[in-house]
Amino acid sequence: MSKEKTVLIFGAGATAALGMPLTEKQNDFFRTFFFSDVTDLKNYGLTEQDVERFAALKKLKAEDEFNIEDLINFVKYFFIEDEESFKMIDLYNLIDIQIHKGLNLTMHKSISNEKKILYPHHLVQYRKGILVVLQEYFSMQIKKAQQNKKIHLYVDFFQEIGKVLLQEKGELISDGLDLRDSDFVFSNFSYLSFNWDVLLLWSMFIAHKNLNDQNAFYYHNQKRMFKLKVFNDFATFMTSKSFDKDTAKWYPYNESVAYRLNDPDRNTDRKVVLIPTFFPHGQTNWLDCPYCGKLSAYLGDCFKLQSNSLAMRSPLTADDYYKCVHCGSKLTTKDSAMLLQTLYKSKTPYLEEIQRAMRIKVEEAKCLIFIGYSLPEDDIDYKSFFRSAKTVHDKKVFVVLMGNGFEYRWYEAVEVLNMISDDINKEVILRYCEIFGKKNVLISMVGFPTAMDLVTSLVKKNLSSDALIKLATGGGS
């Protein structure tokens, strides 16, 4: 079977090459939105039409749901306008600690000396308002990123890894393995994404669709011919509206589905393998229904990389809402299932479920590949998480960062620390060394997706030996 397990871990920097905003750029954008004239948003690549939408957004309110105009006044009162040190994490923490502890806040009006009492339910509304603005910004960036030529590299990356997986499993089929066995059903690698935007997930879906539509992966087992296909398992129950029918539902696969499809007594034309895929912070296109409490995903109306309906719509007009696919309730982007960058993270049952499942995968793994993840100082949960995932075996840790003037290879941490002049990257590398040890950390400084071949090679090296031999000699499936 597979020699060792690998987890590929994506951060916000994984899609920075597509123009998706890193945390610092998000801070700059919100600082401008809260404190400056709306026309200054043009500095962030927004069109006149985009600016007009944000001008309308500044005045948007929904009865007993959110009030963005009040949110802006709240921010201006508790934060200093001229301070460039304004960070969204400070706003999240201020709001969330009051909600968490059930405390009130008081705003004083300097002229009349009147007081306005803010109760926890007001702060919940402000938090929903932040989600609406954040989603509007991300949706605009996602539309632009879909037109970026580099997005095909992301599809190529996931497609190549999916192809490697199907080739490996094809080698095992000839050994007479029970296709319902968990070791066959699941890949020996997992995807873990702290990245909010839907582009990584969508690139995976398109890549797997491309592989599943090809005729390259037909196999024989017990005198039957079938096609082997690859899907994602998200470690929690989730559903979506079908891509082409408004009334139909679409469900991702999980092990129970794979068990039935791979049953030797079930004469199907397909067998499946699954890649464990975790989004512990949620993502832009997930919706958390406050009525039935279930998770659903919005993935647009067509299964195409440049789908015009992939980006989430804002609640600026009355008809821009979504229906919960479980109970039919009206949802908007205020119901986004996104775990914000706060020290007081309130986790839903499904995010808890995802985080428990991914802990097992990280503990089992001997190889961790971090792509565009800075292991930020404020992410206390995950600094502790990775530290606690240590086992008796040291993990090999590979980190993809972005620098200038570096060769296309992996550097030992000590080596690159002596070469690097960028204080930010140096701090990031030292964080990894602090948790995993300098001798276990290797660094690529060419960024992603440039480093995709380096990463793919690592995944290939962890295949079973027979599959490796076939790949090394150029053999097909």
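For clarity, every value in this text was computed on a predicted model and none was experimentally measured. Basis for what follows: all heavy atoms, side chains included, without hydrogens, waters or symmetry-related copies.
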Enquirer: Check Ile117 against Tyr119 and note the closest heavy-atom contact, atom names and distance.
Expert: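 Reported closest heavy-atom pair: CG2-CZ, 3.5 Å.
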
Enquirer: Rounded to the nearest 0.5 Å, what separation is found between the CD atom of Gln135 and the CG atom of Leu57?
Expert: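 Spacing of CD (Gln135) from CG (Leu57) equals 11.5 Å.
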
Enquirer: Got a sec: does the CG of Asn308 have more than 12 other heavy atoms crowding it under 6.0 Å?
Expert: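 Open: at most 12 neighbouring heavy atoms sit under 6.0 Å from CG of Asn308.
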
Enquirer: Check whether Asn285 reaches the backbone of Met312 with its side chain - one donor and one acceptor, N or O, closer than 3.5 Å.
Expert: no

Enquirer: Test side chain to side chain contact (heavy atoms under 4.5 Å, CB included) on Met20 and Leu200 and set out the steps.
Expert: CA-CA 11 Å; Met20 295 306 296; Leu200 282 175; over 6 Å; no

Enquirer: Under the criterion ring pair (Phe, Tyr, Trp, His ring centres under 6.0 Å), which of Trp250, Tyr154, Phe158 is the partner of Phe205?
Expert: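 Result: among Trp250, Tyr154, Phe158, Trp250 is the only option passing the ring pair (Phe, Tyr, Trp, His ring centres under 6.0 Å) with Phe205.
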
Enquirer: Quick one: does Ser190's side chain get under 4.5 Å of Val362's, heavy atoms only?
Expert: no

Enquirer: In terms of relative ring orientation, are Tyr251 and Phe237 parallel, tilted or perpendicular, with 30° and 60° separating the classes?
Expert: tilted

Enquirer: Would you check if the distance from the ring center of Phe79 to the ring center of Phe30 is below 6.0 Å?
Expert: no

Enquirer: Does the pair Lys42/Glu48 count as a salt bridge with the N-to-O cut at 4.0 Å?
Expert: yes

Enquirer: Ignoring hydrogens and geometry beyond distance, is a side-chain donor-acceptor pair present between Thr15 and Asn195 at under 3.5 Å?
Expert: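 Their side chains do contain a donor-acceptor pair, which is all the 3.5 Å distance test asks for.
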
Enquirer: State, to 0.1 Å, how close Tyr253 and Leu274 come at their nearest heavy-atom pair, and which atoms those are.
Expert: CB-CD2, 3.8 Å

Enquirer: Within the supplied structure, the quantity of interest is the number of heavy atoms (other residues, nucleotides, ligands) at a distance under 6.0 Å from Arg260 CZ; does it exceed 12?
Expert: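 Not buried by this count: 12 neighbours or fewer within 6.0 Å.
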
Enquirer: Where does the angle between the aromatic ring planes of Tyr298 and Tyr322 fall among parallel (under 30°), tilted (30 to 60°) and perpendicular (over 60°)?
Expert: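 Ring orientation, 0 to 90° scale: tilted.
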
Enquirer: I'd like to know if the side chain of Asn254 and the backbone of Ala235 have a donor-acceptor N/O pair within less than 3.5 Å.
Expert: no

Enquirer: How many angstroms lie between CD in Glu69 and CG in Leu60, if you round to the nearest 0.5 Å?
Expert: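 Those atoms lie 10.5 Å apart.
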
Enquirer: From Lys229 NZ over to Lys209 NZ, what is the distance, rounded to the nearest 0.5 angstrom?
Expert: 9.5 Å

Enquirer: Once rounded to the nearest 0.5 Å, what's the spacing between atom CG of Leu94 and atom OH of Tyr126?
Expert: 11.0 Å

Enquirer: Taking Gln306's backbone N and O only, do any of them form a donor-acceptor pair with Trp202's side chain (distance below 3.5 Å, no angle check)?
Expert: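 Pair absent, no side-chain N/O of Trp202 close to backbone of Gln306.
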
Enquirer: Quick check: do Asp335 and Cys289 have side-chain heavy atoms less than 4.5 Å from each other?
Expert: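 No, side chains not in contact.
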
Enquirer: Between Lys249 (side chain) and Val325 (backbone), is there a donor-acceptor pair under 3.5 Å?
Expert: yes

Enquirer: Regarding Lys128 and Glu65, does a basic nitrogen lie under 4.0 Å from an acidic carboxylate oxygen?
Expert: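 Yes.
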
Enquirer: Are Pro120 and Asn104 side-chain neighbours, meaning at least one heavy-atom pair lies under 4.5 Å?
Expert: yes

Enquirer: Has Lys227 got a side-chain atom pairing as donor or acceptor with Phe217's backbone, closer than 3.5 angstrom?
Expert: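 Checking the backbone N and O of Phe217 against the side chain of Lys227, no donor-acceptor pair under 3.5 Å is found.
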
Enquirer: Indicate the atoms forming the closest heavy-atom contact of Lys395 with Ala365, along with that distance.
Expert: NZ-O, 2.7 Å

Enquirer: Will you find, in the side chains of Glu136 and Thr333, an N or O donor that is under 3.5 Å from an N or O acceptor?
Expert: no

Enquirer: For Ala258 and Val185, work out which heavy atoms get closest and say how close.
Expert: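 Closest pair (atom of Ala258, atom of Val185, distance): CB-CG1, 3.7 Å.
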
Enquirer: Quick check: does any side chain N or O of Thr342 sit under 3.5 Å from a backbone N or O of Leu340, one acting as donor and the other as acceptor?
Expert: no

Enquirer: Does the distance from a Lys or Arg side-chain N to an Asp or Glu carboxylate O, for Asp96 and Arg127, drop under 4.0 Å?
Expert: yes

Enquirer: Do Met238 and Ile354 have side chains that approach each other closer than 4.5 Å (heavy atoms only, starting at C-beta)?
Expert: no

Enquirer: Apply side-chain hydrogen bond (donor to acceptor under 3.5 Å, both in side chains) to His122 and list each qualifying residue two or more places apart in sequence or on a separate chain.
Expert: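 Partners of His122 by the side-chain hydrogen bond (donor to acceptor under 3.5 Å, both in side chains) criterion come out as none, since no residue qualifies.
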
Enquirer: Over 60° means perpendicular and under 30° means parallel, so classify the ring planes of Phe157 and Phe448, tilted if in between.
Expert: perpendicular

Enquirer: Within the distance-only criterion (no hydrogens, no angle test), does the side chain of Ser307 pair as donor or acceptor with the backbone N or O of Lys304 below 3.5 angstrom?
Expert: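 Not a single qualifying donor-acceptor pair exists.
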
Enquirer: Would one find more than 12 heavy atoms of other residues, nucleotides or ligands at under 6.0 Å from atom OH of Tyr259?
Expert: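 Incorrect, the count does not exceed 12.
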
Enquirer: Quick check: closest heavy atoms across Leu211 and Lys163, and the distance to 0.1 Å?
Expert: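 Shortest heavy-atom contact: CD1-N, 3.5 Å.
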
Enquirer: When rounded to the nearest 0.5 angstrom, what is the spacing between OG in Ser193 and CE in Met358?
Expert: 10.5 Å

Enquirer: Roughly how far, to the nearest 0.5 Å, is the CD atom of Gln141 from the OG1 atom of Thr284?
Expert: 12.0 Å

Enquirer: Between Thr456 and Glu160, is a side chain to side chain donor-acceptor pair (under 3.5 Å) present by the stated rule, with each step listed?
Expert: CA-CA 8 Å; Thr456 306; Glu160 180 61 24; over 6 Å; no

Enquirer: Quick check: do Phe398 and Cys367 have side-chain heavy atoms less than 4.5 Å from each other?
Expert: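 Of all side-chain heavy-atom pairs linking Cys367 with Phe398, at least one is under 4.5 Å.
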
Enquirer: Residues two or more places apart in sequence or in another chain: which of them pass ring pair (Phe, Tyr, Trp, His ring centres under 6.0 Å) with Tyr350?
Expert: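 Tyr350 satisfies ring pair (Phe, Tyr, Trp, His ring centres under 6.0 Å) with no residue once adjacent residues are dropped.
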
Enquirer: Could you tell me how the ring of Tyr373 sits relative to the ring of Phe370: parallel (under 30°), tilted (30 to 60°) or perpendicular (over 60°)?
Expert: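 Rings of Tyr373 and Phe370: parallel, as their planes differ by under 30°.
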
Enquirer: Only one of Gln26, Arg31, Lys25 clears side-chain hydrogen bond (donor to acceptor under 3.5 Å, both in side chains) with Asp28; which?
Expert: Arg31

Enquirer: Which heavy atom in Lys58 sits nearest to a heavy atom in Ser36, and how many Å separate them?
Expert: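 Distance-wise, the nearest heavy atoms are NZ-O, 3.0 Å.
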
Enquirer: Are Lys334 and Phe66 in a cation-pi setup, meaning NZ or CZ lies under 6.0 angstrom from the ring centre and within 45 degrees of the ring axis?
Expert: no

Enquirer: With no hydrogens and no angle check, is any side-chain donor or acceptor of Asp181 less than 3.5 Å from a backbone partner on Asp183?
Expert: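 Such a contact is found between Asp181 side chain and Asp183 backbone.
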
Enquirer: For Thr47, is there any backbone N or O sitting under 3.5 Å from a side-chain donor or acceptor partner on Asp50?
Expert: yes

Enquirer: Any donor and acceptor pair, going by atom type alone, linking the side chain of Lys169 with main-chain N or O of Phe186 inside 3.5 Å?
Expert: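 Looks like yes, one N/O pair under 3.5 Å.
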
